[in-house]
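Heads up, the thing below is written out as structure tokens.
To find a chain, count down the sequence lines: A is the first, B the second, and so on, and within it residues start at 1. Values reported hereafter were calculated over all heavy atoms of this structure, with side chains retained and with hydrogens, waters and symmetry mates removed.
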2 protein chains.
Amino acid sequence: MLKLTRKVEYSLIALRHMQGKSIDSVSSTKEIATRYNIPLEILAKTLQHMAKENIIEAINGPRGGYRIKAKLKNINLAEFFEKVEGPLGLSDCFYDANCMQIEYCNIRTPIQRINANMINMFRSMSVQDITN
Amino acid sequence: MLKLTRKVEYSLIALRHMQGKSIDSVSSTKEIATRYNIPLEILAKTLQHMAKENIIEAINGPRGGYRIKAKLKNINLAEFFEKVEGPLGLSDCFYDANCMQIEYCNIRTPIQRINANMINMFRSMSVQDITN
DNA sequence: TTATATCCGATATAAATTGTCGGATATATT
DNA sequence: AATATATCCGACAATTTATATCGGATATAA
């Protein structure tokens, strides 16, 4: 319960790795996968996804790889999690009503309050706060 | 990602239900399961678990059921989640080191900071804040 | 004595997460 | 032009976690 996914963790590991290098040097999937003991194919998917979201930039071909494209200071954690994993919410019912309890549920509103607190908390931290 | 489990949701639904009744009246598993469309056996387990944690009290026999035992005002959400689901943490590595990345991980400390923020947020709300 | 309730371990099912495979496309280097 | 190294990407498989079910025991009010 309340866990981050590997995809998010791998994304942050990769970003932190890239941030430790000079601005125009690139990092290949293999380099990062080896360095942090991450399954290559998974990391590949993860990096491709971040590239589509314009967080990082892909350089094709030999000597290619990825480098940071966005200003990490300007991406808060709530945005980042949503870019990487989709909608945030303690329960699915906030964005998808397919729940047996929905009609009778007596805790939907209260849980929305916790949810709002959680999202605010994530909004108050930038990706850079994590990768620095 | 970052979801509550049904067990937690069912627990809160049941508590809120009981809180809406007079202090010494009991609510049976069947009553609650029917009312909120929750699978009976699952709810039974959930309530038994809360009884073991002294959050509620079980009355055996016919006309039995459960009633609230603890002061919900004095149980914060972090405690409550831990009683119902076990240790809280955005990653398992905070209480169980069985992770391929643990030796090389470059985000453990930063994620611990997010984690601390999250737990503080849950500490700042009582179960009663939710069930009232 | 009977009916209704909790109790509880074992097991099955379903869903989500995590990881693998195969083959395509892009491009720097030789 | 050929080659090697890299990203790209859909389909699929395995694993883990969460959710639900089953069977039978115990407690007690009526």
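- Under a 3.5 Å cut-off, the side chain of K3(B) and the backbone N or O of L2(A) do not form any donor-acceptor pair.
- For the pair E79(B)/V127(B), no side-chain contact is recorded, criterion being any heavy-atom separation below 4.5 Å from C-beta on.
- Look at CE on M1(A): it is 17 Å from C1' on dT16(D), rounded to the nearest Å.
- Checked by atom type and distance alone, the side chain of H49(A) never pairs as donor or acceptor with a backbone atom of E85(A) at under 3.5 Å.
- Residue I32(B) contributes atom CD1, which lies 19 Å from atom P of dT4(C) at whole-angstrom precision.
- As a whole-Å value, the separation of R6(B) CZ from dA14(C) P is 15 Å.
- Of the side-chain N and O atoms in Y10(B), none sit less than 4.0 angstrom from OP1 or OP2 of dA18(D).
- As a whole-Å value, the separation of D92(A) CG from dA18(D) P is 14 Å.
- Atom CZ in R67(A) sits about 14 Å away from atom C1' in dT7(D), given to the nearest Å.
- Q112(B) contributes no side-chain N or O that, together with a main-chain N or O of F94(B), makes up a donor-acceptor pair within less than 3.5 Å.
- Heavy-atom distances to DNA chain D give each of Y66(A) and K3(A) a nearest nucleotide, and the one nearer the 5′ end belongs to Y66(A).
- Here the side chain of S126(B) pairs a donor or acceptor atom with the backbone of Q128(B) at under 3.5 angstrom.
- For the contact set between residues 36-62 of chain A and DNA chain D, defined by any heavy atom under 4.0 Å, the members are E41(A), K45(A), Q48(A), K52(A), A58(A), I59(A), N60(A), G61(A), P62(A).
- The pair R67(A)-D24(A) does not count as a salt bridge, with every side-chain nitrogen at least 4.0 angstrom from each carboxylate oxygen.
- Remark: dA30(D) base-pairs with dT1(C); criterion is Watson-Crick or G-U wobble with both hydrogen-bond distances under 3.5 Å.
- Per the geometry, NZ belonging to K7(A) stands 19 Å off P belonging to dT16(D), to the nearest Å.
- Counting to the nearest Å, the P atom of dA16(C) and the CG atom of L2(B) are 15 Å from each other.
- No donor-acceptor pair under 3.5 Å is formed between the side chain of R6(A) and the backbone N or O of I42(A).
- Between R63(A) and dT5(D) there is no side-chain N or O to OP1 or OP2 distance below 4.0 Å.
- When the nearest nucleotides of DNA chain C are assigned to T29(B) and M100(B) by heavy-atom distance, the more 5′-ward of the two goes with T29(B).
- Here dT18(C) is the nucleotide among dT18(C), dA6(D), dA20(D) with the atom lying nearest to any side-chain atom of T5(A).
- OP1 or OP2 of dA6(D) has not a single side-chain nitrogen or oxygen of S28(A) nearer than 4.0 Å.
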